[in-house]
Amino acid sequence: MKGKVYLVGAGPGDYKLLTLKGLECVQKADVIVYDRLANENYLKEAKPNCEFIYVGKVSSNHTLPQEDINRVIADKAKEGKIVTRLKGGDPYVFGRGGEEGELLKEEGIEFEVVPGITSAIGGLCYAGIPITHRDYASSFHVITGHLREDDKENPEINWNALANTNGTLVFLMGVANLQKISSNLIKEGKSKDTPVALISWATRYNQRVVTSTLENVYETAIKEGVKPPTLIVVGEVVGLRDKLNFFENKPLFSKRVIVTRSRTQSSSLVEKISDLGGNPIEIPTIKIDKIENNIELENEINNIKDYTYLVLTSKNGVDIFFDKLDEMGLDSRALANLKVCAIGSATAKEIKNRGIKADIVPEKFVAEYLFEELKTILKSTDKVLIPRAKNARDYLVDKIGEICEVKEVHTYETVVDSTRKDEVLELLNQNNADYITFASSSTVKNFVEIIGEENIDKLNNIKVISIGPITTKTIKELGLSLYKEAEVATIDGMISTIIEDK
């Protein structure tokens with residue numbers, strides 16, 4: 001089998017700034033070779049058993065020299081593997097992708113280059129600085145900030161030309177040489193009052209922007225403790241930042257939110273937090289184990305015409321039930337004689353995605369409120385089917401059973417996911433989160449089981465957000481300190497609670 005290499009630009013850091021083609025390369029790779037500035041969340045998109053090789057570089061501290069990185073990429077391709085080289089920004093904008101491509105060509109290895117959004121443009125955009133503007137700059141110039149360590153001039157950098165252009169100057173990887181950069185520009189005639197911006201961790205939740213003038217920028221950087229990775233922007237366009245700064249005005253900008261849900265359920269909450277400028281920290285506390293070869297469920301579906309109500313309590317329950325229908329050669333028409341009930345808007349939405357609009361969705365998304373609606377319409381002759389989790393609360397089954405016949409079928413089980421205990425404890429020890437969200441009682445119980453009751457006090461400085469009253473009750477019973485409960489028991493309700501917190 002012949003291998004192939006994709007040199008992929010991962011963009012400046014925001015997860016959604018990877019191109020569709022770049023994502024495809026991540027998803028089909030056998031090996032991913034990635035650097036420090038590539039968003040590590042892209043690795044979650046890789047296929048099972050994909051090999052990850054970290055070759056991150058910090059200034060003057062390289063995990064692997066560039067020559068060794070070239071060699072790793074080539075050797076893995078020669079093993080017949082698809083290799084995705086994931087590089088921050090664009091592969092050919094000071095990413096040394098050209099050198100990697102040259103070696104691959106020399107050794108007869110097929111490769112493609114997938115461009116990425118360079119931080120020189122995307123990073124400025126997220127800082128509210130347009131790299132060009134017809135009133136201020138009709139050109140831009142991207143320059144390496146890696147200067148010679150001795151006092152000799154870099155022959156490839158024409159400081160006089162740079163100093164006397166009216167275009168925007170962007171220096172990448174140059175914060176360590178900030179004093180040399182500013183003094184060289186001033187020496188060659190650039191006005192000492194020229195606006196300068198220093199953009200650290202551009203496009204990420206922890207983006208930080210410091211502004212100054214060319215004359216004072218070095219002292220400002222020292223005073224503000226500016227560290228790599230930082231972009232240096234020189235030009236009048238910096239003055240537009242106050243008008244155009246959209247990213248740092250997002251409602252969750254800089255907020256770090258721990259998301260405790262099953263890995264399959266967390267995507268919606270994670271995406272919403274990211275889109276609002278926050279940093280979602282995924283800590284799956286439960287795994288969903290589907291009950292395989294579920295003969296009991298098949299039997300009830302075969303006898304579905306005997307039922308008058310179908311109650312679905314979660315997105316997982318919906319997926320498993322309708323997948324079983326499909327597996328048995330049936331579709332939503334098999335439910336024509338039933339009234340379908342859903343606990344929660346997310347559950348109702350998933351049912352709708354399967355072609356059915358739920359007949360009953362309680363105002364508040366808990367079993368008690370569903371029963372309040374059902375008890376006014378259920379008759380003794382009704383028969384209710386409830387396919388749901390094995391370890392769900394008994395309340396609904398018990399209360400419906402007092403009125404009519406009810407059949408509970410277990411379709412899946414939630415189990416503790418303790419694989420990341422060390423990571424969670426380290427996160428809590430570092431006090432590296434502002435909020436922690438709990439979307440069900442099981443996530444609370446499992447989280448406490450994972451960290452141990454002796455470590456509950458590590459949450460003292462983190463604001464605990466509950467999705468609703470049942471979850472809140474569990475939080476208090478287990479000794480956690482509740483900060484706020486969502487007014488509406490939905491993911492959006494939890495998000496609103498965090499946004500409104502001042």
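For C404 against S380, the heavy-atom pair with the smallest separation is CB-O, 3.9 Å. In terms of heavy atoms, L396 sits closest to A367 at CD1-O, 3.8 Å. Contact detail for A433 and I462: the closest heavy-atom pair is O-CG1, 3.8 Å. Taking each heavy atom of A46 and I32 in turn, the nearest pair found is CB-CD1, 3.9 Å. The two atoms that bring A202 and G123 nearest to each other are CB-CA, 3.6 Å, heavy atoms only. The minimum heavy-atom distance between V397 and V406, with the atom names listed, is O-CG1, 3.7 Å.
Side-chain atoms of L370 and C341, non-hydrogen and from C-beta on, do get closer than 4.5 Å to each other. Residues K76 and I53 meet the side-chain proximity criterion, which asks for heavy atoms closer than 4.5 Å. For the pair V55/R85, a side-chain contact is recorded, criterion being any heavy-atom separation below 4.5 Å from C-beta on. Residues I495 and L269 form a side-chain contact, since some pair of their non-hydrogen atoms from C-beta on lies under 4.5 Å apart. Under the 4.5 Å side-chain criterion, counting only non-hydrogen atoms from C-beta, L335 is in contact with I356. Put simply, the side chain of P387 reaches to within 4.5 Å of the side chain of L312, judged on heavy atoms. Proximity of V416 to I450: side-chain heavy atoms (C-beta onward) are separated by under 4.5 Å at one or more points. With contacts defined as side-chain heavy-atom distances shorter than 4.5 Å, the pair I451/L425 qualifies.
A donor-acceptor distance shorter than 3.5 angstrom exists from the side chain of N39 to the backbone of G13, with no hydrogens or angles considered. The backbone N or O of V33 sits nowhere less than 3.5 Å from a side-chain atom of T84 that would complete a donor-acceptor pair. The backbone N or O of N206 sits nowhere less than 3.5 Å from a side-chain atom of N279 that would complete a donor-acceptor pair. E426 places no side-chain N or O within donor-acceptor distance of the main-chain N or O of D422, the cut-off being under 3.5 Å. Although no hydrogens or angles enter the test, the distance criterion places a donor-acceptor pair under 3.5 Å between the side chain of D35 and the main chain of A38. Formation of a donor-acceptor pair under 3.5 Å by the S274 side chain with backbone atoms of E271 is not found in this model. Under the 3.5 Å distance criterion, the side-chain polar atoms of R241 are matched with a main-chain donor or acceptor of A127. For the pair R36 (side chain) and G88 (backbone), a donor-acceptor distance under 3.5 Å is absent. In this structure a side-chain-to-backbone donor-acceptor pair under 3.5 Å is missing from S200 to Q207.
Evaluation of the salt bridge (Lys or Arg N to Asp or Glu O under 4.0 Å) test over residues 446-469, restricted to residues two or more places apart or in two chains, returns K463-D501. Within the structure, the salt bridge (Lys or Arg N to Asp or Glu O under 4.0 Å) test picks out the following pairs touching residues 427-443 (sequence neighbours left out): R256-D434. Residue pairs meeting the salt bridge (Lys or Arg N to Asp or Glu O under 4.0 Å) criterion with at least one member in residues 318-345, sequence neighbours excluded, are E298-K324, K315-D319, D319-R354, D323-R354, K324-E327, D331-R333. Screening residues 403-443 for ring pair (Phe, Tyr, Trp, His ring centres under 6.0 Å) gives F438-F447 as the qualifying pairs, with residues at least two apart or on separate chains.
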- [ ] Show your working on side-chain contact (heavy atoms from CB on, under 4.5 Å) between D382 and I403 and close with a plain yes or no.
- [x] CA-CA 9 Å; D382 283 317; I403 300 174; over 6 Å; no

Task: side-chain contact (heavy atoms from CB on, under 4.5 Å) between R208 and K227, worked out - done: CA-CA 10 Å; R208 181 176 180 231; K227 306 289 184 185; over 6 Å; no

Open item on the list: Could you walk me through whether I377 and I360 satisfy the side-chain contact (heavy atoms from CB on, under 4.5 Å) test, starting with their C-alpha distance in whole Å, then the side-chain angles of each, then the deciding distance to 0.1 Å, before giving a yes or no?
Closed with: CA-CA 11 Å; I377 56 177; I360 300 173; 3.5 Å; yes

Open item on the list: One pair to check against side-chain contact (heavy atoms from CB on, under 4.5 Å): Y205 and L276. What are the steps and the verdict?
Closed with: CA-CA 9 Å; Y205 82 97; L276 293 170; over 6 Å; no

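Interatomic distance, CD1 of I386 versus CZ of R388, reported as 6.0 Å (0.5 Å rounding). A distance of 10.5 Å separates CG in D289 from NZ in K390, rounded to the nearest 0.5 Å. Here CD1 of I467 is found 8.5 Å from OG1 of T443. Values are rounded to the nearest 0.5 Å. One finds the CG atom of L172 at 6.0 Å from the CG atom of L231 (value rounded to the nearest 0.5 Å). Put simply, CD1 on I129 and CG on L124 are 5.0 Å apart, with the number rounded to the nearest 0.5 Å. The distance from the CD1 atom of I273 to the CD1 atom of I281 is 9.0 Å, given to the nearest 0.5 Å.
The environment of N337 atom CG is dense: over 12 non-hydrogen atoms of other residues, nucleotides or ligands sit within 6.0 angstrom.
Note on ring orientation: taking the six-membered ring where Trp is involved, the planes of Y54 and Y34 are tilted (angle from 30° to 60°).
The salt bridge (charged side-chain N to carboxylate O under 4.0 Å, His left out) search around D275 returns K16, not counting sequence neighbours. Partners of I121 according to the side chain to side chain contact (heavy atoms under 4.5 Å, CB included) rule, which considers only residues two or more places apart in sequence or in another chain, are T118, I131, F140. Under the ring-ring contact (aromatic ring centres under 6.0 Å, His included) criterion, Y42 pairs with Y15, sequence neighbours left out. With sequence neighbours excluded, the residues that form a salt bridge (charged side-chain N to carboxylate O under 4.0 Å, His left out) with K272 are D492. With sequence neighbours left out, F247 forms a ring-ring contact (aromatic ring centres under 6.0 Å, His included) with Y126, F253. Applying the salt bridge (charged side-chain N to carboxylate O under 4.0 Å, His left out) criterion to K243, with sequence neighbours excluded, gives no partner residue. Residues passing the salt bridge (charged side-chain N to carboxylate O under 4.0 Å, His left out) test with E372, sequence neighbours excluded: K375.
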Show me the donor-acceptor pairs, under 3.5 Å and distance only, between side chains in residues 469-481 and residues at least two apart or in other chains.
from, atom 1, to, atom 2, distance (Å)
T472, OG1, S466, OG, 2.8
T472, OG1, G468, O, 3.0
T472, OG1, E485, OE1, 2.8
T474, OG1, S441, OG, 2.7
T474, OG1, I470, O, 3.3

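Comment: K383 does not engage E300 in a salt bridge, judged by the lack of any side-chain N to carboxylate O separation of less than 4.0 angstrom. One finds no salt bridge joining K484 and E500 here, because no Lys/Arg side-chain nitrogen approaches an Asp/Glu carboxylate oxygen to under 4.0 Å.
Side-chain N/O atoms of Y6 and K28 include a donor and acceptor closer than 3.5 Å. With 3.5 Å as the limit, one finds no donor-acceptor pair spanning the side chains of N294 and T411.
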